[in-house]
Colleague: 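This is the structure I want to talk about, given as C-alpha cells.
Here, residue 1 is the first one in the sequence, and each next residue gets the next number. Only a predicted model underlies this, so the values are computations on that prediction, with no experimental measurement involved.
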Amino acid sequence: MAIKVLHHGLATTVQDLGRPGYFHLGIPVGGAMDRFAMRAANLLVGNDEGAAGLEAVFIGPKLEFTEDALVAVTGADMPAKVDSVVQPGWTAFKVKAGQTLTFDFLKSGARILIAVSGGIDVPEALGSRSTYPIGALGGYKGRPLAAGDELPVGKASLSSEGRTVPEALRRTPGLPAALRVVPGLYWHRLTEASQENFFADEWKVANEADRMGYRFKGGRKLDFVARDQPFGAGSDPSNIVDSCYPYGSIQVPGGTEPIILHRDAVSGGGYFMVGTVISADMDLIGQLQPHTPTRFVKVTMEEALAARKARQASLAQLREALA
C-alpha cells in the first residue's frame with residue numbers, strides 16, 4: 001500500500017515520537033510537536049503509539065490512497081474530508097482505495113497529526129522515522145513532503161472505525177494560553193522587577209514560530225543585574241559563556257523577546273535562559289497560532305513533577321479508553 005501526495009499542504013512532514021539519545025551530538029530529539037495528539041491518532045487506528053504519521057501546519061495535505069485504510073486526525077481543529085465528506089476529528093474513519101483525503105480550513109490550533117493504520121513505513125534514521133529538515137535526516141528523504149511523493153505504509157493491525165478519544169482528554173490551549181515555567185540556572189541574572197514582570201505580563205506568539213522555537217512579543221524588556229561579563233560571553237548582558245540548552249528552555253536575546261526552544265532546536269549556545277517550560281505543557285505550544293495571547297506561570301520543581309504525573313495519568317486513561 002502507498003499514499004500518493006497530490007498536494008503537500010504546509011510543512012507536512014513524517015513524524016513519530018522522536019529520536020532521543022543524540023542531543024549531546026547536536027541532533028535534537030525531534031518528533032511530533034504535539035506528542036499526545038500523535039499517540040492518540042496512532043492508538044485510534046490500531047498502531048503502536050510510536051508509529052510514524054504525518055504532521056501538517058495550518059494547511060492540510062491532499063492524499064490519495066491506493067488501498068483501504070483506517071485513518072485518524074487529531075490535534076488542531078482542521079476538519080478532514082474523504083471525497084469531500086467531512087469526517088469527525090479524534091475518531092478513526094475509513095478511507096477506501098482510490099479515495100482522496102483532504103482538509104477544510106483551520107478553525108483552531110495549529111497542527112494536525114494524521115495516523116494511518118500500519119504507519120508510514122519510511123526507513124528509520126538513528127532509531128526514528130521523524131523528519132529533521134535542517135539536517136536532512138529521517139522522514140521522507142529528509143524533507144517536507146512534495147506533490148508526487150509516494151509514502152509506503154506498513155502492515156495494519158486489526159482495528160475498527162468509529163473509535164474516538166473522549167472530549168475530556170482532548171487538551172487544548174486556553175485563552176490566554178498558560179505555560180508553566182520552572183526558573184532556571186540564570187534566573188538570578190534578572191533584576192527583581194524584571195523577574196516579576198516576566199510572569200505578570202501578557203505576551204503574544206510572534207510570527208517566528210516553528211519546530212525550532214516559538215518567539216513571544218509584547219512584554220516589558222527584561223533588565224539584568226550589572227556585572228563584569230566573563231571572558232567569552234560577549235558584551236550584551238543577555239550573553240553567557242556557551243551552555244547547554246534543555247528542551248523547552250526559554251532564552252531571551254537582548255532581554256526583549258523570549259524564545260521557547262522546541263523539538264528541532266539546537267542543543268547549546270550563548271544566550272542566558274530564564275527557565276524551562278515544563279514537559280506537561282510542551283504539547284500546548286505546538287498548537288499556538290501567531291498572535292495568541294500567552295502568560296508564563298511560575299512553578300516549583302515539585303509542581304512540575306506533579307503536572308508530569310497528571311499527564312502520565314491522562315495517557316493511561318487514553319490507553320484504557322482505546323484498548
Side-chain angles (χ1 to χ4, degrees), residues 10-11 13-38 55-57 75 110-111 113 125-139 142-144 173 177 179-187 198 203 205-217 222 234 236 238-290 292 294 296 304 308:
L10 183 60
T13 54
V14 177
Q15 299 294 343
D16 55 23
L17 297 181
R19 52 175 60 82
Y22 301 94
F23 206 40
H24 66 294
L25 300 176
I27 300 173
V29 174
M33 290 282 283
D34 187 341
R35 290 164 61 90
F36 185 87
M38 182 84 265
E55 175 184 277
V57 188
R111 288 173 170 81
L113 287 305
L126 299 179
S128 170
R129 295 181 170 89
S130 284
T131 311
Y132 177 41
I134 296 174
L137 181 69
R143 59 167 173 78
L179 301 177
R180 289 168 287 184
V181 176
V182 176
L185 293 175
Y186 301 92
W187 182 243
F198 179 76
W203 303 82
V205 178
N207 290 329
E208 300 87 356
D210 55 28
R211 290 185 54 82
M212 288 192 68
Y214 266 59
R215 184 186 294 270
F216 292 81
K217 297 182 178 182
L222 304 181
D236 193 289
S238 67
N239 293 152
I240 57 172
V241 178
D242 281 9
S243 180
C244 299
Y245 288 157
Y247 167 60
S249 61
I250 308 172
Q251 58 180 220
V252 193
T256 56
E257 297 176 351
I259 302 171
I260 300 176
L261 303 184
H262 220 289
R263 305 299 299 176
D264 287 354
V266 296
S267 57
Y271 290 119
F272 98 114
M273 292 153 279
V274 170
T276 304
V277 176
I278 67 173
S279 60
D281 288 353
M282 288 300 290
D283 285 349
L284 296 178
I285 298 170
Q287 297 298 351
L288 297 181
Q289 297 181 11
T292 301
T294 304
F296 298 113
R308 184 173 68 176

Colleague: When you compare the side chain of V181 with that of T276, does any pair of heavy atoms fall below 4.5 Å?
Modeller: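 The answer is no, as the side chains (C-beta and beyond) never meet within the 4.5 Å cut-off.
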Colleague: Is there a side-chain contact between Q15 and R211, using heavy atoms and a 4.5 Å cut-off?
Modeller: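 Yes, their side chains come closer than 4.5 Å.
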Colleague: Check the pair L261, Q251 against side chain to side chain contact (heavy atoms under 4.5 Å, CB included), reporting the backbone distance first and the verdict last.
Modeller: CA-CA 8 Å; L261 303 184; Q251 58 180 220; 4.0 Å; yes
Colleague: Less than 4.5 Å apart, any side-chain heavy atom of F272 and any of S243?
Modeller: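 Of all side-chain heavy-atom pairs linking S243 with F272, none is under 4.5 Å.
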Colleague: For P133 and D264, which heavy atoms make the closest approach, and how far apart are they?
Modeller: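 Closest approach of P133 to D264: CD-OD2, 3.8 Å.
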Colleague: Under 4.5 Å between any side-chain heavy atoms of R308 and I278, yes or no?
Modeller: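 The answer is no; the side chains never approach within 4.5 Å.
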Colleague: Could you pull out the closest heavy-atom pair between R263 and A32, with the gap in Å?
Modeller: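 Reported closest heavy-atom pair: NE-O, 3.6 Å.
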Colleague: Is I285 close to V277 at the side-chain level, that is, under 4.5 Å between some pair of heavy atoms?
Modeller: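 They are in side-chain contact.
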Colleague: For W203 versus T256, what's the shortest heavy-atom pair and its separation?
Modeller: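 Distance-wise, the nearest heavy atoms are CZ3-O, 3.7 Å.
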Colleague: So, do F216 and T294 sit near enough that their side-chain heavy atoms are less than 4.5 Å apart?
Modeller: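 They are in contact (side-chain heavy atoms under 4.5 Å apart), so the answer is yes.
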Colleague: My understanding is that only one of Y247, Y132, Y22 makes a side chain to side chain contact (heavy atoms under 4.5 Å, CB included) with P28; could you say which?
Modeller: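 Output: one option passes, namely Y132.
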Colleague: Given V274 and L222, is the side chain to side chain contact (heavy atoms under 4.5 Å, CB included) satisfied, shown in steps?
Modeller: CA-CA 10 Å; V274 170; L222 304 181; 4.2 Å; yes
Colleague: Is a side-chain donor or acceptor of Q287 paired with a backbone partner of R111 at a separation under 3.5 angstrom?
Modeller: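 Answer holds: yes.
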Colleague: Would a distance-only check, ignoring hydrogens and angles, find a side-chain to backbone donor-acceptor pair under 3.5 Å from S130 to D16?
Modeller: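 Judged by distance alone, yes, a pair lies under 3.5 Å.
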Colleague: Tell me whether the count of non-hydrogen atoms from other residues, nucleotides or ligands lying under 6.0 Å of CG in L10 goes above 12.
Modeller: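 Yes.
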Colleague: Would you please indicate yes or no on a ring centroid separation below 6.0 angstrom for Y245 and Y271?
Modeller: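 No, ring centres 6.0 Å or more apart.
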Colleague: If every non-hydrogen atom of P258 is compared with every non-hydrogen atom of I250, which pair is closest and at what distance?
Modeller: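 Where P258 meets I250 most closely, the heavy atoms are CB-CG2, 3.7 Å.
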Colleague: What I'd like to find out is whether the side chain of M212 reaches to under 4.5 Å of the side chain of V266, using heavy atoms alone.
Modeller: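 The answer is yes, as the side chains (C-beta and beyond) meet within the 4.5 Å cut-off.
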Colleague: Got K217 and V205 here, is their nearest side-chain heavy-atom distance under 4.5 Å?
Modeller: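 In short, these two side chains do not touch, never coming nearer than 4.5 Å.
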